[in-house]
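Here the structure is a predicted model, which is why all the values come from computation and not from measurement.
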Amino acid sequence: MKVMVTGASTPLGLAIVEKLLATPEISFVLAVAKERKPAHLEDAPRLRYQSVDLTRPRNVHDLLWGDAQHHRIDAVIHTALHRSASDAGRTVHAQNVEAARALVLGCSEHPTIHRFVYRSFADVYSLKDTTTNLLDEDDPLDFDPDSPQWVRDRVEADLTVCAHFGGRLQIAVLRCAELLAPDSGSQLWDYLSSRVCLRPLGFDPMLDVLSLDDAAAAFVAAALHSQSGVFNIPGADRLPLSRAIAESLRLDIAVPGPLMSPLYRLRRIALGFDFRYDLNARRFHLGGILDGRRAHEAFGYVPQVPARWPRPWWRRLIDQLAADRAIASRPEPQAKPLH
Amino acid sequence: MGASTGTRIARDAPFHDEGHGFDVFGLHPPSLASAIDATSAIYERYFRVDSQGAEHIPKTGPAILVANHGGMLPIDAAMLFLDVVRRTDPPRIPRAVADHFVPRLPLVSTFFARLGVVSGTRANVRYLLERGELIAIFPEGVSGPAKPFRERYCVQHWAVGFAELAIRYRAPVIPVAIIGAEESWPLVMKLRNVRVFGAPYLPIPASLVPLPTHFHIRYGTPLHLDHGHIYTDAENPAIVAAAADTARAAVERLVQETLATRRGVFR
């Protein structure tokens with residue numbers, strides 16, 4: 001099987017590419033990203049890296065009918081999305097929505113591509129007090145016109161891809177829990193990277209946190225299977241917000257809810273962090289855990305790897321030293337005697 | 001020295017840990033243990049809860065406790081919760097189903113979640129029943145506590161959703177009568193225009209603290225609402241309504257029997 005991965009320069013894209021290359025069923029990977037090839041992505045005979053700006057429909061067309069057709073790509077994993085919550089506007093929309101539209105349209109008419117796996121987000125669900133704690137794929141989406149572009153783009157792109165269900169192309173939309181990794185556009189990572197984490201007073205909602213390894217495993221499993229549909233991808237860490245702050249060894253301060261937004265806006269202006277409280281206010285009050293039973297039944301996805309928390313540098317150093325010592329203290333495997 | 005009641009219950013009760021000591025809805029056994037220990041004097045000495053029929057609660061598997069509801073604040077739900085965890089062996093944690101406005105209440109929402117309370121959505125209850133948990137439902141909802149004092153122990157509007165789930169998941173329904181809550185903290189007035197955090201009204205109680213009424217909790221024999229029905233009958237409104245009425249009649253009968261046998265409100 002030959003797979004094309006978009007957004008291949010992001011942490012998730014890289015993890016997917018590495019996982020695909022480690023999968024025996026995958027004979028070729030076409031890694032696509034706007035940026036140049038990352039230095040740490042090693043050359044492999046089964047890998048080709050292509051720099052393409054997917055915001056231009058012509059580029060998408062040329063990619064699909066050029067390299068993708070030439071290499072007889074079978075499946076496309078589309079993960080390329082704008083990562084900064086601070087940005088907005090037409091270019092961001094083009095990257096988030098128009099690229100997905102052009103890709104899914106092109107793939108549905110493509111002679112070799114039969115599988116399309118799209119990365120969506122738990123952010124598309126509408127969180128209200130009437131919403132269930134455990135979000136399944138049938139829960140209502142956030143159609144609030146006053147939602148930030150971050151959310152509106154994700155809902156539009158999700159529905160744009162879903163609109164192609166039932167055709168020749170087998171489509172899997174993976175609505176992922178928050179991917180906790182640096183440079184992945186994770187709002188929670190940015191929030192937990194601060195020394196002091198403000199929490200709405202009186203609320204300690206349950207969060208669902210996905211690790212890079214589990215996310216990559218889910219995308220590879222979805223690419224290898226043929227079931228179409230929407231699938232929630234929960235993480236192995238389901239915990240209250242206060243516990244996530246404690247895991248990251250940060251100072252947890254509860255402040256009245258109305259103060260949260262201005263304080264974090266001030267922090268963005270002063271320190272340049274990407275975390276936006278308006279994007280996370282509902283989640284920080286009501287929580288939201290993804291029900292992953294459908295993904296488990298369809299392609300055997302089970303979250304297994306805990307997330308890596310954004311801990312302070314000194315703690316990371318201690319953890320690393322402890323891990324190195326554990327490896328060093330392991331007994332050497334004894335050589336088998338030759339007879 | 002042995003473990004406290006709360007610690008023993010939190011240790012022995014079945015619990016689905018999601019990896020950080022919490023279940024998917026936020027239930028946290030150490031918090032539960034602390035709450036049980038902190039309220040044991042209220043249960044034993046203040047309200048002197050007298051309980052009969054707890055043996056009707058199944059030891060394992062999905063089941064639904066259906067009770068009458070009254071009083072200004074859900075003291076009846078708290079006493080039922082404490083009664084069930086104390087009188088079941090191995091202890092079962094009843095997952096009380098709360099109204100939709102509860103998740104919006106600061107502090108209360110978190111405290112309730114740590115004790116296993118879930119928001120009253122169909123998906124939440126369905127998930128718990130599929131996992132074989134014990135659910136505690138007050139089908140009267142807000143209409144129970146909101147009723148005037150003169151209508152105490154008169155069952156109000158009776159939601160039918162629990163009956164649908166009981167048929168679908170073949171879960172026995174245990175009718176429960178709770179006596180003492182209505183006189184404990186009666187409601188004098190409802191300020192309907194004051195809607196704090198989405199609550200339907202602001203209750204004005206007759207006393208500053210709940211009165212030390214004598215609580216009586218009676219569990220009836222389990223009702224198997226699914227008997228004679230198939231899975232798809234859970235979609236039939238007439239069958240579901242009839243099943244809910246059966247449970248309502250059982251609760252009303254139990255309430256009247258318990259009222260008839262009690263010696264007084266405080267005795």
**Separation between CD of B/E130 and CZ of A/R293, rounded to the nearest 0.5 Å** = 4.5 Å

**Request:** Assess whether atom CZ of A/R308 is packed by more than 12 heavy atoms of other residues, nucleotides or ligands within 6.0 Å.
**Result:** no

**Prompt:** What pair of heavy atoms forms the shortest contact from B/F22 to A/R243, and how long is it?
**Reply:** CE1-CD, 4.2 Å

**Request:** Pick one of side chain, backbone, both or neither for A/A254, based on which atoms fall under 4.5 Å of a heavy atom in chain B.
**Result:** neither

**Closest approach of A/M206 to B/G26 (non-hydrogen atoms, all atoms of both residues)** = SD-CA, 3.6 Å

**Asked** For B/P106 and A/L201, which heavy atoms make the closest approach, and how far apart are they?
**Response** CB-O, 3.9 Å

**4.5 Å side-chain heavy-atom contact, A/H285 and B/S109** = no

**Request:** Please look at A/R238 and chain B and tell me whether the side chain, the backbone, both or neither of the residue comes under 4.5 angstrom of a heavy atom of that chain.
**Result:** both

**Asked** Mind checking whether A/E247 and B/H20 have side chains closer than 4.5 Å, heavy atoms only?
**Response** yes

**Request:** For residues B/Y127 and A/L134, report the shortest heavy-atom separation together with the two atoms involved.
**Result:** CD1-CD2, 3.1 Å

**Request:** Please look at A/I289 and chain B and tell me whether the side chain, the backbone, both or neither of the residue comes under 4.5 angstrom of a heavy atom of that chain.
**Result:** side chain

**Prompt:** Among A/L239, A/D208, A/D291, which residue forms the greatest number of heavy-atom pairs with chain B at distances under 4.5 Å?
**Reply:** A/L239

**Prompt:** Should B/R126 and A/D136 be marked as a salt bridge (Lys or Arg N to Asp or Glu O under 4.0 Å) after you check the CA-CA gap, both sets of side-chain angles, and the distance that decides it?
**Reply:** CA-CA 12 Å; B/R126 200 167 50 201; A/D136 70 18; 3.7 Å; yes

**Item:** Side chain / backbone / both / neither for B/D23 at chain A, heavy atoms under 4.5 Å
**Value:** backbone

